[in-house]
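Since the structure comes first, as structure tokens, the remarks are kept for the end.
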Amino acid sequence: MDFPKLLGLRPGVTAVIGSGGKTSLLRRLAEELPGTVLLCTTTHIRPFEEYPLLTAPTPEDIRKALTAHRVLCLGTPCENGKLTAPSLSVETLATLADYVLVEADGSHGLPLKAPNEKEPYLLGGESLVIAMAGMSGLQRPIAEAAHRAERYAALVHKTPLDTATPEDVAKVLESNDGLHKRVDSRFVVVLNQCDTPERTRLAQECAAALQAPCILTRLETDPSWWLDGRED
């Protein structure tokens with residue numbers, strides 16, 4: 001499956017937000033996109049070891065590196081071997097490569113998340129924002145499954161001890177107090193971790209509650225497999 005085509009990626013800046021597989025999706029997109037690609041973050045990520053890393057490049061450094069490598073990872077080293085935002089602005093990066101893929105929030109490895117007051121860290125001008133959720137978080141207490149569990153529970157009018165349902169996930173993904181906050185560009189949802197019949201069924205219920213175009217997938221176990229998509 002051609003994920004860039006399915007998601008409708010266009011040249012420019014694409015932000016990936018949410019939880020449950022952002023790094024796996026970024027890897028898949030970088031592999032499949034036809035032109036030059038820069039991978040970076042507005043928060044924190046680990047370097048993509050399969051691609052060259054530039055930590056304080058000039059625009060000319062990037063242009064030169066892209067003549068030898070189609071995909072580059074950019075960022076500023078910080079604690080625990082992670083990277084934070086690159087030294088050049090995303091707007092500048094967009095003039096240097098065909099595609100800039102940005103991880104624009106974090107989830108501490110949990111399948112669900114609610115943003116804090118500042119998240120997602122969108123810059124404006126993105127051609128596409130992809131919001132993700134992991135289906136392994138469904139039918140579990142919000143306190144176990146969600147990053148910022150108290151906020152997640154408040155958004156769906158529950159307590160952290162209550163179970164996360166497909167309707168809850170859809171609400172947090174599309175709410176203007178949730179992951180849709182400050183999004184002023186095209187918006188697509190990816191429901192990941194559909195790796196059992198039950199998780200697939202729950203994802204389909206979540207998709208039915210969404211207004212946005214939605215894809216169901218299982219990136220970690222078989223990135224070429226997908227279930228469903230909706231056209232714009």
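Bear in mind the structure is a predicted one, so any value in this text is a computation, not a measurement.
Panel note: side chain Arg70, backbone Leu66; no donor-acceptor pair is recorded below 3.5 Å. Side-chain atoms of Thr67 come within 3.5 Å of backbone atoms of Lys64 as a donor-acceptor pair (strictly under, hydrogens ignored). At distances below 3.5 Å, not a single donor-acceptor pair connects side-chain atoms of Arg140 with backbone N or O atoms of Ala164. Between the Asp195 side chain and the Arg218 main chain, no donor and acceptor come within less than 3.5 Å of each other. At distances below 3.5 Å, not a single donor-acceptor pair connects side-chain atoms of Thr36 with backbone N or O atoms of Ala97. Between the side chain of Glu32 and the backbone N or O of Phe3 there is at least one donor-acceptor pair closer than 3.5 Å.
The ring-ring contact (aromatic ring centres under 6.0 Å, His included) analysis of residues 22-53, with sequence neighbours excluded, yields no pairs. Applying the ring-ring contact (aromatic ring centres under 6.0 Å, His included) definition to pairs two or more places apart or across chains, none involves residues 75-95. Under the ring-ring contact (aromatic ring centres under 6.0 Å, His included) criterion, the residue pairs touching residues 91-133 are His108-His147, with sequence neighbours excluded. Counting only residues at least two apart or on different chains, the salt bridge (charged side-chain N to carboxylate O under 4.0 Å, His left out) pairs with a member in residues 118-129 are Lys113-Glu119, Glu119-Arg148. Residue pairs meeting the salt bridge (charged side-chain N to carboxylate O under 4.0 Å, His left out) criterion with at least one member in residues 168-182, sequence neighbours excluded: Lys158-Asp168. Within the structure, ring-ring contact (aromatic ring centres under 6.0 Å, His included) pairs that include any residue of residues 163-184 comprise His180-Phe187 (at least two apart or interchain).
The nearest pair of heavy atoms linking Ala94 to Val13 is CB-CG2, 3.9 Å. Between Gly125 and Asp184, the shortest heavy-atom contact is N-OD1, 4.4 Å. Across all their heavy atoms, Val172 and Ala114 have their closest contact at CG1-CA, 4.4 Å. Listed here is the closest heavy atom pair of Thr200 and Cys194: OG1-O, 3.5 Å.
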Result block: side-chain N/O donor-acceptor pairs under 3.5 angstrom for residues 74-86, not counting sequence neighbours:
from, atom 1, to, atom 2, distance (Å)
Thr76, OG1, Ala85, O, 2.7
Thr84, OG1, Thr43, O, 3.0

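Linking Ile, Leu, Val, Met, Phe, Trp and Tyr residues whenever their side-chain heavy atoms come within less than 4.5 Å leaves Val183 and Leu123 in two separate clusters.
No side-chain donor from either of Thr163 and Gln139 sits under 3.5 Å from a side-chain acceptor of the other.
For His157, the ring pair (Phe, Tyr, Trp, His ring centres under 6.0 Å) test picks out no residue, with sequence neighbours left out. Listed by chain and number, the residues in a salt bridge (charged side-chain N to carboxylate O under 4.0 Å, His left out) with Glu91 amount to none (sequence neighbours excluded). With sequence neighbours excluded, no residue forms a salt bridge (charged side-chain N to carboxylate O under 4.0 Å, His left out) with Glu31. Listed by chain and residue number, Ile142, Pro160 satisfy the side chain to side chain contact (heavy atoms under 4.5 Å, CB included) test with Ala153 (two or more places apart in sequence, or in another chain). By the side-chain hydrogen bond (donor to acceptor under 3.5 Å, both in side chains) test, Thr14 is found to be paired with no residue, residues two or more places apart in sequence or in another chain being considered.
Among Leu54, Thr92, Thr95, the single residue meeting the side chain to side chain contact (heavy atoms under 4.5 Å, CB included) criterion with Ile62 is Leu54.
Atom CG of Leu101 and atom NZ of Lys22 lie 14.0 Å apart (nearest 0.5 Å).
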